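Note that this is a predicted model, so its numbers are computed, not measured. Throughout, protein chains are lettered first and strands after them, A, B, ... in sequence-line order, and every chain is numbered starting at 1.
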Protein chains: 2
Amino acid sequence: MAAPEGLFVLEGRPTAQLIADQLREQIVQGTFRPGQQINESAVAAQLRTSRGPLREALQRLCQEGLLISHRNRGVFVLELSTADIKEIYAVREAVELAASNTLMDAGQDQINDTCRVLKEIIGDMAKHVAVSDWQAIARLDMQFHTTFVAGTGNTRLIRIYETLAAESRMCILSLEVAYPRLDVLVQEHQNLLDLLEAGDRKGLQQAVKRHLQKAVEDLTVTRQDNEITA
Amino acid sequence: MAAPEGLFVLEGRPTAQLIADQLREQIVQGTFRPGQQINESAVAAQLRTSRGPLREALQRLCQEGLLISHRNRGVFVLELSTADIKEIYAVREAVELAASNTLMDAGQDQINDTCRVLKEIIGDMAKHVAVSDWQAIARLDMQFHTTFVAGTGNTRLIRIYETLAAESRMCILSLEVAYPRLDVLVQEHQNLLDLLEAGDRKGLQQAVKRHLQKAVEDLTVTRQDNEITA
DNA sequence: GCATCGCCTATTGTTGACAATTTACAGTTC
DNA sequence: GAACTGTAAATTGTCAACAATAGGCGATGC
């Protein structure tokens, strides 16, 4: 009855999902630029597969909203307008506030487990601050928040947030160095962690709101107005 | 060619999305039962298309979480446990509370537009209450909430909520008549509408919370415990 | 000069065939 | 009779060829 999952579980995942995960990573890393068309034949060849499985993966990313499909024209990488940034961070606020509440209502063990992982991530962030590795900082930033949401154990909330995290990384990447001073950033996350550990529900909620609103300001202030999206 | 109804093609939307929409509707209507395997060849033939486009549509629904894919075994309709119901309604609460806030901060015109549509939906609900048409009531129930969220204009919030609405309809359907007395249900939605129109932010938030928590209780109380899902 | 028409190429959309895997079942052994 | 093994059927995973569409580009006409 109990299948030997351990060995085959890595390759046991559906192909389309594996390809989609690879493409998502390439998108948030900027290998594919916003607005760029995904050439099916070329990308399929690059990933050592054929157009069939690739197209299935593309549909997943279209459903996520990272790609946009135009009939008979192809799929294109999402271009982020200031309106998009506001949307993304509004949803993030909703999700993270809900996660805060759920975590606070959860057992102390669950909170401690989450805090332990968050501590490690902040530690890693501090290391990369020293060398101003923006890409790494952005990745760890979103890893922090994803871990936070994952602490709730709500699989649907987690799935939703993974897309938001990808979009957030695209925001940061597309604006290059829109980050505030890096030590301040680390401090903000440390603050969130402290409030979670202290069980300060109201304080955590307020801190999350401020943290995200500040990010929106940083991301939109330097940006030319391009709310008009084709 | 064996045209799958030129009606499809004339719409500019991608084929996989059209197929996915049809399948989603069939799933929430119970044409495909929870746990049931989707036979690709059979369903493709039923929809007058081939396995390729169908599989692309299935990937979209897997990404949404309405279907679950097991490698080399196929895709299966989601089976809802009590844990799933709690998850779904927890996320709904997060989304609807965020929508409440966004709407309250929006212009009065935007609120009025939304309220006008909500009024019509409540009117339709009242009609179907007379004949106790549960399926129709469930559809209108979710249409009410979807319209509410759509009032924010946040496309990401809307996309997220569409999946939640589908899952909620599956909850209701799988438990057959888990609804409370229908006139009470209509009254609850009327109450939400009144609070929105009155601009009573705090009252609306509390009413939304109560409304959703009550639904979870109704959906879980009669249910055998089947939290253990493979 | 400029707009329009028609061809042409590149790319996507679709299909059917083929390969690989799982599952069920019958046969065998202890 | 129970457990195991090997075969067979059904289903999914993959691929390459074919069809159809959009956009580019030059020719044509005014």
Exercise for the section: Please report, rounded to the nearest Å, how far the C1' atom of D/dT14 is from the CD atom of A/Glu40. Expected result: 15 Å
Practice task
For B/Arg48 and C/dT15, give me the distance from atom CZ to atom P, rounded to whole Å.
Solution key: 12 Å
Problem - Under-4.0 Å side-chain N/O to phosphate OP1/OP2 contact, A/Gln37 with C/dA10 - result: no
Exercise for the section: Return no unless some side-chain N or O of A/Thr15 is found under 4.0 Å from OP1 or OP2 of D/dT14. Expected result: yes
Problem - For atom CG of B/Leu67 and atom P of D/dT12, their distance in whole Å - result: 12 Å
Exercise for the section: May I ask you to say what B/Ile38 touches in the nucleic acid, namely base, sugar-phosphate or nothing, with a heavy-atom cut-off under 4.0 Å? Expected result: sugar-phosphate
Handout entry: Rounded distance (Å) that lies between atom P of C/dT11 and atom CZ of A/Arg73
Key = 13 Å
Practice task
Indicate yes or no for a side-chain donor-acceptor contact from A/Asp141 to the backbone of A/Ile137 under 3.5 Å, with no hydrogens or angles considered.
Solution key: no
Problem - Length of the line joining B/Phe76:CZ and D/dT11:C1', which is rounded to integer Å - result: 10 Å
Handout entry: B/Arg55 side-chain N/O to C/dT15 phosphate OP1/OP2 under 4.0 Å
Key = no
Handout entry: Any B/Arg71 side-chain nitrogen or oxygen under 4.0 Å from OP1 or OP2 of D/dT14
Key = yes
Handout entry: Interatomic distance where CD belongs to A/Gln36 and P belongs to C/dT11 [whole Å]
Key = 13 Å
Exercise for the section: Send over the distance from B/Arg13 CZ to C/dG13 P, rounded to a whole Å. Expected result: 15 Å
Practice task
Measure the spacing between NZ of A/Lys86 and OG of A/Ser81 and express it to the nearest 0.5 Å.
Solution key: 9.0 Å
Problem - Earlier contact from the 5' end, DNA chain D, for A/Ala16 and B/Asn39 - result: B/Asn39
Practice task
Examine distances only and state if a side-chain atom of B/Glu87 and a backbone atom of A/Arg156 form a donor-acceptor pair shorter than 3.5 Å.
Solution key: yes
Exercise for the section: Would you please confirm or rule out a distance under 4.0 Å between OP1 or OP2 of D/dC15 and any side-chain N or O of A/Thr49? Expected result: yes
Exercise for the section: Calculate the interatomic distance between A/Leu18 atom CG and D/dG13 atom P; express it in whole Å. Expected result: 12 Å
Practice task
Under 4.0 Å between any heavy atoms, over every strand shown, what does B/Gly52 touch: base, sugar-phosphate, or nothing? Just pick one.
Solution key: base
Exercise for the section: Ignoring the backbone of B/Asn72, work out which of D/dT12, C/dT21, C/dT14 is nearest its side chain. Expected result: C/dT21
Completion exercise
Judged by nearest nucleotide, the residue sitting upstream toward the 5' end of DNA chain C, B/Arg51 or B/Glu56, is B/Glu56
Fill in the blank from the handout: From the list A/Val216, A/Leu164, A/Thr163, side chain to side chain contact (heavy atoms under 4.5 Å, CB included) with A/Ile88 holds only for A/Leu164
Exercise for the section: State, with a plain yes or no, whether a side-chain heavy atom of A/Ser168 is found less than 4.5 Å away from one of A/Tyr89. Expected result: yes
